Number of protein chains: 2
Amino acid sequence: MKHIAESTVRRLSLYLRFLEEFEAHGHQTISSGELASQGGTTSAQVRKDLSFFGSFGKRGLGYSVNDLSSRLREILGLGRPWKVVIVGAGKIGAALAQYRGFRERGFRIVGIYDVDPQSIGLALDGVTVRDQRDMEADLASLHAEIALLSVPAEVAQPLTDRLVAAGIGAILNFASTPLHVPPHVTLRSVNMALELEILSYALVNRDA
Amino acid sequence: MKHIAESTVRRLSLYLRFLEEFEAHGHQTISSGELASQGGTTSAQVRKDLSFFGSFGKRGLGYSVNDLSSRLREILGLGRPWKVVIVGAGKIGAALAQYRGFRERGFRIVGIYDVDPQSIGLALDGVTVRDQRDMEADLASLHAEIALLSVPAEVAQPLTDRLVAAGIGAILNFASTPLHVPPHVTLRSVNMALELEILSYALVNRDA
DNA sequence: GTTACTTTGTGAAATCATTCACAAGCACCC
DNA sequence: GGGTGCTTGTGAATGATTTCACAAAGTAAC
């Protein structure tokens, strides 16, 4: 298939969220316009995004909420659960472990690792923090596909290398340093300080 | 000034980080190519980004690490401290409160608010959690410019409305729901479940 | 001072993403 | 069954961002 822009995938994810809300409210169909107004985009954008994957709507009517949800879940790879490990059981790691949004979407935390003896052995949301030395062996037996990396910047790259060597498929990085991974591994970063700096820029350039 | 793309601002922020590392290593000058290789971009991109704001380099030599850092800090509005409040003292709010990256960049947490009597009164990294009912009065006296919103999705929009009414300038939203703000308020959202879904998409479409 | 070498700054070209605009398809009503 | 009113799907147009490519400007060596 043609390459799909990240912005498109991000919006599909949002659409799915609205569809689930609509479903909960008992609605059967939804138009591209309704979907757009929720997500702060345009109806043309919605239709274009969907058109990359097929035609799911009925002209004159809109989209079946149920059908479109299933199709989106399928497209996004949410049809099956994903096994996730958390590397770093500090404050951020702990917050991630208990975050309900992950489980709701089929992301199951199957392991949490740290080096601090104080943390090892603690149960975070039902999962026991294990020694980072056990990480490779666990990954080999659990076959987790995704890692959440919430460790200090200094150790982020070495741990990334270990995860990659252990066969991880994707990493979500919360450390404030850019990481390097081989092309077959997918990497995304969430950098909160950077988000604040973008806000700072916007504040000083408000009327520019 | 001409409108600057968000992607450009984001990269400027990254450049500043590398410059600080270079500074710490005692380097005096840096070329666009060196700056680019750190951030996973190209030297042309670096030069284009900087060119929107002026010409800071010396041909044949590169950029003075010191000068360029100062100029970037100025451009990004980091020359002065920003007052930040955290709304929602749950796990994510607590993790944000203790996050060192904020303070290092001049973002000072001046208030934390919650509704849970169990949380109110707790000290998180030196700041006492206060009752959410005190929020408006505090904002009026503190003049905080930025709010970090880490509350359940259901109450995110009403709290946003209260922050806007109280004169907040920018909001960083961690709730997994899109928010609406008037145009004079800057809003950014960090949606961790959505980031995981983008990884999920990448995993199932790896070889597509 | 001239030559060789390096790196910036920037128009122009290329690529990528969004918006427009409208034909085609479907439901509903009379 | 034909008319009316919506809404989709999609080429074409526009707009935005990135990459290219090169003249201009600097350093350093002799």
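Note that the structure is predicted; figures quoted are calculated from it, not measured. Below, read A as the first sequence line, B as the second, and so on, with proteins coming before strands; counting in each chain starts at 1. Just the heavy atoms: all of them, side chains too, but no hydrogens, waters or symmetry mates, feed the values below.
- DNA chain C is contacted by both A:Glu6 and B:Gly54; B:Gly54 maps to the nucleotide lying nearer its 5′ end (nearest heavy atom per residue).
- Inter-residue side-chain proximity for A:Tyr113 and A:Leu159 is flagged as unmet; no heavy-atom pair is nearer than 4.5 Å.
- Look at CD1 on B:Ile30: it is 13 Å from C1' on C:dT7, rounded to the nearest Å.
- Closest contact between the side chain of A:Lys48 and the listed nucleotides D:dG11, D:dT27, D:dT19 involves D:dG11.
- A sub-4.0 Å separation between OP1 or OP2 of D:dT8 and a side-chain N or O of A:Ser32 is present.
- Spacing between atom CZ of B:Phe52 and atom P of C:dT10 amounts to 11 Å, rounded to whole angstrom units.
- Residue-level contact check: A:Ser43 touches neither bases nor backbone, having no heavy atom under 4.0 Å from any strand.
- Across the protein-nucleic acid pair, B:Ile4 atom CD1 and D:dG15 atom P stand 19 Å apart, rounded to whole Å.
- Distance from the side chain of A:Arg47 is smallest to C:dC22 among C:dT18, C:dT8, C:dC22.
- Counted by atom type alone, A:Ser51 and A:Arg47 present zero donor-acceptor pairs between their side chains at under 3.5 Å.
- Remark: P of D:dT10 and CZ of A:Phe53 are 14 Å apart, rounded to the nearest angstrom.
- The distance from atom CZ of B:Arg71 to atom P of C:dG9 is 12 Å, rounded to the nearest whole Å.
- Comparing D:dT8, D:dT18, C:dT19 by their closest approach to the side chain of A:Tyr63 singles out D:dT8.
- Distance CG (A:Leu35) to P (D:dC6): 20 Å, rounded to an integer number of Å.
- Residue A:Gln45 has a polar side-chain atom (N or O) positioned under 4.0 Å from OP1 or OP2 of C:dT19.
- The base of D:dT8 sits with one of its N or O atoms less than 3.5 Å from a complementary donor or acceptor on the side chain of A:Arg59.
- Contact check, A:Ser55 against D:dT8: no side-chain N or O comes under 4.0 Å of OP1 or OP2.
- Here the P atom of nucleotide C:dA17 and the CG atom of A:Asp49 are 11 Å apart, to the nearest Å.
- Between A:Leu61 atom CG and C:dC26 atom P there is a gap of 10 Å when expressed in whole angstrom units.
- If you check the side chains of A:Glu195 and A:Asn191, you find no donor sitting under 3.5 Å from an acceptor.
- Side chain of A:Trp82 to backbone of B:Glu197: no donor-acceptor contact under 3.5 angstrom is found.
- For the atom pair CZ of B:Phe107 and CG of B:Leu96, the computed distance is 13.0 Å after rounding to the nearest 0.5 Å.
- In the set C:dC20, D:dT18, D:dT8, the nucleotide with an atom closest to the side chain of B:Arg11 is D:dT18.
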